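Here the structure comes first, spelled out in C-alpha cells, and everything after it is commentary.
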Protein chains: 4
Amino acid sequence: MPKVGMQPIRRQQLIDATLAAVNELGFAEASISQIAQRAGVSTGIISHYFQGKNGLIEATMRYLLQQLGKSVAEIKSQVNDAPEQRLLAIVRGNFTAPQTDKAAMKVWLAFWASSLHQPDLHRLQQINHYRLHSNLKYEFMKKLSKDQAEKAAQGLAALIDGFWLRGALVSGEIDPELPIELCSEYIRQQLK
Amino acid sequence: MPKVGMQPIRRQQLIDATLAAVNELGFAEASISQIAQRAGVSTGIISHYFQGKNGLIEATMRYLLQQLGKSVAEIKSQVNDAPEQRLLAIVRGNFTAPQTDKAAMKVWLAFWASSLHQPDLHRLQQINHYRLHSNLKYEFMKKLSKDQAEKAAQGLAALIDGFWLRGALVSGEIDPELPIELCSEYIRQQLK
Amino acid sequence: MPKVGMQPIRRQQLIDATLAAVNELGFAEASISQIAQRAGVSTGIISHYFQGKNGLIEATMRYLLQQLGKSVAEIKSQVNDAPEQRLLAIVRGNFTAPQTDKAAMKVWLAFWASSLHQPDLHRLQQINHYRLHSNLKYEFMKKLSKDQAEKAAQGLAALIDGFWLRGALVSGEIDPELPIELCSEYIRQQLK
Amino acid sequence: MPKVGMQPIRRQQLIDATLAAVNELGFAEASISQIAQRAGVSTGIISHYFQGKNGLIEATMRYLLQQLGKSVAEIKSQVNDAPEQRLLAIVRGNFTAPQTDKAAMKVWLAFWASSLHQPDLHRLQQINHYRLHSNLKYEFMKKLSKDQAEKAAQGLAALIDGFWLRGALVSGEIDPELPIELCSEYIRQQLK
DNA sequence: AATGAATGAGTCTTCATTCAT
DNA sequence: AATGAATGAAGACTCATTCAT
C-alpha cells in the first residue's frame with residue numbers, strides 16, 4: 001500500500017464516504033466514526049486531511065457543487081446558442097444523474113438545512129443559489145427585457161428547486177422526465 | 001402556582017420555545033436544555049409532557065402543519081368557488097405570515113431535512129406534501145382533464161415549494177409579492 | 001440520597017478528588033474521568049457543577065489559596081502585635097499542615113507550572129504571590145525603612161518559597177522545623 | 001543533503017525546538033508535532049533520534065542541567081579559593097543568563113513539576129537539587145561546623161531557588177541584581 | 001536519513017433521559 | 001406539577017507511535 005501521495009486518493013475516499021453516510025444515516029447521525037468506517041480508515045485520518053469534521057463537510061459540499069456545475073456545463077456544451085436550448089440544457093443538467101440520485105438529493109437537503117446555521121456552508125450554498133439564477137437570467141435576457149428576464153429566471157429557478165425539493169422529500173425514486181417537461185413548457189411560455 | 005390544568009399551557013410554551021430555539025440555533029443545536037431555558041422551565045418537564053425530545057419535536061411539527069392548514073383555510077373561506085380564485089387562495093395561504101417568517105421557514109427546512117431519517121416526522125411531512133398537491137389538483141380538475149390537472153398541480157406545487165425553499169435559503173427577509181404574482185401567472189397559463 | 005442542595009457538597013467532593021488525583025497522578029494525568037472516579041461520581045457531573053474541567057481546576061486552586069490564607073490568619077490571630085512575632089506567624093502559617101503535606105506541595109507546584117500558560121490560573125497565582133510579599137513588607141516596615149523593608153520582604157518571601165519548592169521536589173516528607181528555624185533567624189537578622 | 005553525521009546536529013536542533021515549544025506553549029501543549037514543526041523536521045524523526053517523546057524531554061532536561069553546570073563552573077573558575085568568593089560565584093552562576101531567561105525559568109519550572117511523576121526526570125532533578133546543596137555545604141564547611149554549614153547551605157539553597165521560583169512566576173523580566181545582593185548579604189551573615 | 005501516512009487509545013464535552021424529592 | 005441532580009454513552013478531536021517508502 002503506497003505511503004506517499006495518498007492525499008487526493010484519501011480525500012476523495014472520505015468525501016464519498018461522507019456522502020454515503022449522510023445518505024444512509026442523515027446529516028445528524030453522520031459521525032466521523034461512521035464516515036471513517038465507510039471509508040475503511042481510522043477516525044484520526046479525517047483531521048489529518050481535513051482539519052476536523054467541518055473541513056470534511058465543507059469539502060464534500062464543494063464537491064457536490066462542482067459535480068452540479070460539471071453536469072450543467074457538459075449538457076450546455078452539446079447545444080447551440082438558442083436561449084431556449086440553453087435554458088433547457090441548464091434544466092437537464094440539474095435533473096441528470098448523479099443530481100437526481102435519491103442519495104444526492106438527501107445530501108443536498110441536509111446541507112441546505114445545516115447551511116442556515118453554519119457560515120462556511122452558507123457561503124457555498126449562496127454561490128450555488130445565485131449561479132442558477134444568473135445563468136437563467138442571462139439566457140432569458142437574450143429575448144426578454146431585463147425586468148421580464150428577472151421574473152422568468154426567478155420563476156424557473158423556483159420551479160427547478162421546487163421539483164428538486166419535492167423529489168428529495170418523496171419516498172420513491174425520481175423520474176426526471178416530468179420536471180423536465182414542465183420546466184420546458186414554462187420556458188416556452190416565458191419566451192413566447 | 002397552579003397545579004392543575006397546566007398541560008395545554010405548558011405544551012404550547014414548550015412548542016414555542018422549540019421553534020425559537022431551532023430558529024436561533026438550528027436544529028442540531030436545539031438541545032432540550034436550550035429549549036427548556038427558553039421556556040423558563042426545567043429539562044425534566046419535557047419528558048413529563050412529551051415523553052422525550054422526539055415527542056416534542058413531532059408535536060412542534062404538527063403545530064406548524066396546523067398553522068399552515070389554518071392559513072390556507074382562512075384565505076380560501078374568503079373567496080368564491082372559482083378555481084382560479086381558490087388556487088390563488090392556496091398560494092396566498094402558503095405565502096402569508098407566519099409562514100413567510102424567516103424563522104418559520106428555517107424551522108420548516110430543518111424539519112424537512114430531518115424528516116428524511118425520522119419515520120415519525122416523515123409521515124407528517126408526507127401528509128403536508130400530498131395535501132398541497134391534492135388540493136391543487138382538485139381545483140385544477142374543475143377545468144382541466146385529469147392528466148392536465150395532475151401536471152398543473154405538480155408544477156404549481158413545485159413552484160410554491162421552490163419559492164419557499166429559495167426564500168428560506170436567501171439571507172434577507174422575504175417579499176411574498178413576487179412569488180404570489182408568478183404563481184398567479186402560472187395558474188392563469190394553466191387554466192387558459 | 002438527597003437530590004436537592006447537593007451543590008456545595010458535590011463541589012467540595014470534586015475539589016478534594018481533584019487534589020487527590022493531581023497528587024497521585026500529576027497534573028497531566030489528572031483527567032476528569034480519574035477525578036470523577038475518585039469522587040465516586042460520573043464525569044458528566046463535573047460540567048454540571050463547574051462548566052468543564054477548567055472551572056474545576058480553577059476552583060481547586062482557589063480553594064488552596066483560601067486554605068493558605070486561613071492557615072496564616074489563624075496563626076497571626078494568636079500572636080501579639082510585635083512585628084517579629086507576626087512575621088514568624090506568617091512563616092508558620094506557610095509551613096503548617098495542610099500546607100506542608102506532600103500532596104498539597106505537589107499540587108501547588110503543578111498549579112504554578114500550569115499557571116504560566118493559563119491566564120485564569122495565573123491571575124490567582126499572582127494574588128498569592130503579592131499577598132505574601134505585601135504581608136511581609138507591611139510588618140517589616142514597622143521597624144525598617146521602606147527600602148530596607150522591601151528587601152527584607154523579598155528575601156524572606158524567597159526563603160519561604162524556596163523551602164517550599166525544595167520540599168516539594170525532595171523525596172520524603174517535610175520537616176517544617178528547619179525552614180521555620182532558618183526563617184526565624186533570617187527575620188531576627190533583618191530586624192536587628 | 002547530508003546523510004551521515006547528522007545525529008548531533010539533529011539532536012541539538014530538536015532540543016532547541018523543545019525548549020522553544022515548552023516556553024511558548026507550556027509543557028502540556030508541547031506536542032511532538034509542535035516541536036517537529038519548530039525544528040523544521042517531520043514527527044517521525046523524533047522517535048528515530050530519541051526513541052520517543054520521553055527520550056527527547058529527558059535529553060532536553062539533561063541539556064539544561066549541563067548548561068547550568070557550565071555557568072557555575074565558569075564563574076567559579078574566575079575567583080580565588082575564599083569560601084565567600086566561591087559561594088558568591090555559585091549564586092552568580094545560578095543567576096546568569098541563560099539561566100535567568102524567562103524562557104529557561106519557565107522550562108525549568110515545567111520540568112520540575114513534571115518530574116514529580118516521571119521517574120527519569122525525577123532522577124535528573126534530584127541530581128541538580130543535591131549538587132547545589134553539596135556545593136554550598138562544601139564551601140560553608142571551610143569556615144563553619146558541619147552542623148552550621150548544613151543549615152547555611154539549606155538556607156542559601158532555598159534562597160536561590162526561591163528567587164528563581166518567584167522570578168519564574170512573576171510577569172516581567174528578571175533583574176538578577178537584587179537576588180544576588182540579598183544572597184551575598186546572607187552569605188556574609190552566615191560566615192560572620 | 002527522513003518523511004508523512006495511518007492508527008487507535010484517550011481527552012473533554014454534550015446530551016437525552018431518569019428519578020428522588 | 002415541577003425541579004435539578006445524576007448518569008453514561010457518544011461526539012469530535014488530539015496525540016505519540018509505528019512503518020512503508
Side-chain angles (χ1 to χ4, degrees), chain A residues 1-7 9-10 28-36 40-56, chain B residues 1-7 9-10 28-36 40-56, chain C residues 1-7 9-10 28-36 40-56, chain D residues 1-7 9-10 28-36 40-56:
Chain A
M1 195 184 293
K3 286 279 179 174
V4 291
M6 291 300 286
Q7 191 155 2
I9 298 171
R10 282 275 178 271
E29 305 298 317
S31 63
I32 63 165
S33 63
Q34 284 287 349
I35 293 168
V41 297
S42 68
T43 62
I45 211 68
I46 288 177
S47 288
H48 189 264
Y49 283 117
F50 293 96
Q51 285 104 327
K53 191 186 183 184
N54 277 348
L56 174 55
Chain B
M1 198 183 293
K3 293 262 184 178
V4 292
M6 291 301 286
Q7 191 160 11
I9 297 172
R10 281 275 179 269
E29 305 297 318
S31 63
I32 62 164
S33 64
Q34 285 285 350
I35 294 169
V41 297
S42 68
T43 63
I45 210 69
I46 287 177
S47 290
H48 188 266
Y49 281 119
F50 293 97
Q51 284 99 340
K53 191 186 181 183
N54 277 348
L56 173 56
Chain C
M1 198 185 293
K3 285 279 178 175
V4 290
M6 290 301 286
Q7 190 155 5
I9 296 172
R10 282 276 177 269
E29 305 298 317
S31 64
I32 64 164
S33 63
Q34 284 287 350
I35 293 169
V41 297
S42 67
T43 62
I45 211 68
I46 288 176
S47 289
H48 189 265
Y49 283 118
F50 293 97
Q51 284 103 326
K53 191 186 183 186
N54 277 349
L56 174 55
Chain D
M1 199 183 293
K3 293 261 181 179
V4 291
M6 290 301 287
Q7 190 160 13
I9 296 171
R10 281 275 179 272
E29 306 297 317
S31 64
I32 63 163
S33 64
Q34 285 286 349
I35 293 169
V41 297
S42 68
T43 62
I45 210 69
I46 287 176
S47 290
H48 187 267
Y49 281 119
F50 293 97
Q51 285 99 343
K53 190 185 184 185
N54 277 348
L56 174 55

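Nothing here was measured: the structure is a model prediction, and the numbers come from that model. Each chain gets a letter, A, B and so on, in the order its sequence line appears, and its residues count up from 1. All heavy atoms count here, side chains included; hydrogens, waters and symmetry mates do not.
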Review point. How does protein reach along nucleotides 9-14 of chain F, written 5' to 3' as B (base within reach of a heavy atom under 4.0 Å), S (only sugar-phosphate), or - (no contact)?
Key: B-SSBB

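From one end of the helix from dA2(E)-dT21(F) to dT21(E)-dA2(F) to the other, with five pairs defining each end axis, the axis direction shifts by 0° (rounded to 10°).
At whole-Å resolution of the value, CZ in F50(B) and P in dT18(E) are 16 Å apart. Distance M6(C) CE to dC19(E) C1': 14 Å, rounded to the nearest Å.
Across every non-hydrogen atom of Q7(C) and Y49(C), the tightest pair is CA-CE2, 3.6 Å. The shortest non-hydrogen separation linking E29(C) to Q34(C) is O-CG, 4.0 Å.
Note: L56(C) CG to I46(C) CD1 = 5.5 Å, rounded to the nearest 0.5 Å. Here the CD1-CZ distance, from I35(A) to F50(A), works out to 10.0 Å after rounding to the nearest 0.5 Å.
Within the 4.0 Å cut-off from OP1 or OP2 of dG4(E), not a single side-chain nitrogen or oxygen of Y49(A) is found. Contact annotation: R10(D) does not reach the phosphate of dA1(E) (side-chain N/O to OP1 or OP2, under 4.0 Å). At least one side-chain nitrogen or oxygen of H48(A) sits closer than 4.0 Å to the OP1 or OP2 atom of dA5(E).
Residues that satisfy the side chain to side chain donor-acceptor pair (under 3.5 Å) test with S47(C), not counting sequence neighbours, are absent from this structure.
Heavy-atom nearest nucleotides on DNA chain E were determined for I45(D) and for V41(A), and the one closer to the 5' end corresponds to I45(D).
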